[in-house]
Amino acid sequence: MKIAVTYESGMIFQHFGHTEQFKVYETADGKIINAEVISTQGSGHGALAGMLSSLKCDALICGGIGAGAQMALADAGIQLYGGASGSTDEAVNALLAGTLAFNPDVHCDHHDGGEHQCGEGHSCGADKHGCAGNGAHH
């Protein structure tokens, strides 16, 4: 199994789309057999999923990650373990042991203008999605 982790100075980098490095672990029989730090060369959100796919990664451990990147990973068949933090080595060992703390509903709150999937800046209020203010139609 090949596991990639967003990486910065030994820790899980907290924004998938801005990560400058992945630490890629090769594992066998529940143990790490090789690990290598790979530069993303500034690939950006869309290309990062493709990069992980070309590296034949089976899983990604990261902090925050946006919906578009989550879909790209799913399309590539890469299992996502988002919302993780701390040491990359410890996270991979925890994943192998079945004890990794992660958030299956992870999302990314710090998008810069233009990247947000809801369409208007950072306001994802219920009224924008038609859940409020639609009570009575005259």
Trainee: With Thr88, which of Ile3, Val37, Val5 fulfils side-chain contact (heavy atoms from CB on, under 4.5 Å)?
Mentor: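 When side-chain contact (heavy atoms from CB on, under 4.5 Å) is applied between Thr88 and each of Ile3, Val37, Val5, only Val5 qualifies.
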Trainee: Just wondering, do Leu95 and Thr27 contact through their side chains at under 4.5 Å, heavy atoms?
Mentor: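 A side-chain contact is absent here, since even the closest heavy-atom pair is not under 4.5 Å.
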Trainee: Got Val92 and Lys23 here, is their nearest side-chain heavy-atom distance under 4.5 Å?
Mentor: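 Contact flag for Val92/Lys23 side chains = no.
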Trainee: Nearest 0.5 Å, please: how far is SG in Cys57 from CD1 in Ile38?
Mentor: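 Rounded to the nearest 0.5 Å, the CD1-SG separation comes out at 7.0 Å.
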Trainee: Kindly compute the distance separating OG (Ser85) from CD (Glu90), expressed to the nearest 0.5 Å.
Mentor: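 Reported to 0.5 Å precision, the distance equals 10.5 Å.
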Trainee: Considering all heavy atoms of both residues, which atom of Leu73 and which atom of Ala49 are nearest to each other, and what is their separation?
Mentor: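 The pair with the smallest heavy-atom distance is CD2-CB, 4.0 Å.
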Trainee: Kindly give the heavy-atom pair with the smallest separation between Gly83 and Val106, and that separation in Å.
Mentor: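 Answer, listing the atom of Gly83 first, then Val106: N-CG2, 3.4 Å.
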Trainee: With distance as the sole test, does Glu8 use its side chain to make a donor-acceptor pair with the main-chain N or O of Thr19 at under 3.5 Å?
Mentor: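 Side chain of Glu8 to backbone of Thr19: no pair is present.
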Trainee: For the side chain to side chain donor-acceptor pair (under 3.5 Å) test, which of Asn34, Asp89, Asn93 pairs with Tyr25?
Mentor: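 The passing option is Asp89.
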Trainee: Can you tell me how far the OG1 atom of Thr40 sits from the CD atom of Gln21, to the nearest 0.5 Å?
Mentor: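 Reported to 0.5 Å precision, the distance equals 8.0 Å.
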Trainee: For Ala84, does its backbone N or O pair with a side-chain atom of Gln14 as donor and acceptor, under 3.5 Å?
Mentor: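 Indeed, once roles are kept as given, a pair shorter than 3.5 Å links the two residues.
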Trainee: Find the distance between CD1 (Ile33) and NZ (Lys2) and round it off to the nearest 0.5 Å.
Mentor: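 If I round to the nearest 0.5 Å, the distance is 10.0 Å.
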Trainee: With heavy-atom distances below 4.5 Å as the criterion, would you say the side chains of Glu20 and Phe13 are in contact?
Mentor: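 Counting from C-beta outward, Glu20 and Phe13 never come under 4.5 Å.
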Trainee: Drop me the distance from Ile78's CD1 to Asp58's CG, to the nearest 0.5 angstrom.
Mentor: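 Atom-to-atom, Ile78:CD1 and Asp58:CG are 8.5 Å apart.
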Trainee: Rounded at 0.5 Å granularity, tell me how far NE2 in His15 sits from OG1 in Thr6.
Mentor: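 His15 NE2 to Thr6 OG1: 10.0 Å, rounded to 0.5 Å.
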Trainee: Would you list the pairs meeting ring pair (Phe, Tyr, Trp, His ring centres under 6.0 Å) in which at least one residue belongs to residues 65-106, sequence neighbours left out?
Mentor: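 Pairs touching residues 65-106 that pass the test: Tyr81-Phe102.
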Trainee: Compare every heavy atom of Ala59 with every heavy atom of Met1, then report the nearest pair and how far apart it is.
Mentor: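 So the two residues come closest at CE-CB, 3.9 Å.
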Trainee: Mind checking side chain to side chain contact (heavy atoms under 4.5 Å, CB included) for Ala91 and listing every partner two or more places apart, or none if nothing turns up?
Mentor: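 Once residues adjacent in sequence are excluded, the partners of Ala91 under the side chain to side chain contact (heavy atoms under 4.5 Å, CB included) criterion are Ile12, Ile61, Leu100.
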Trainee: Given the rule that I, L, V, M, F, W and Y join up when any side-chain heavy atoms are under 4.5 Å apart, are Leu55 and Phe16 in one cluster?
Mentor: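 Shared cluster, yes.
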Trainee: For the hydrophobic clusters of this structure (ILVMFWY residues joined by side-chain heavy atoms under 4.5 Å, transitively), does one cluster hold both Leu80 and Val24?
Mentor: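 Looking at the clustering, Val24 is in the same group as Leu80.
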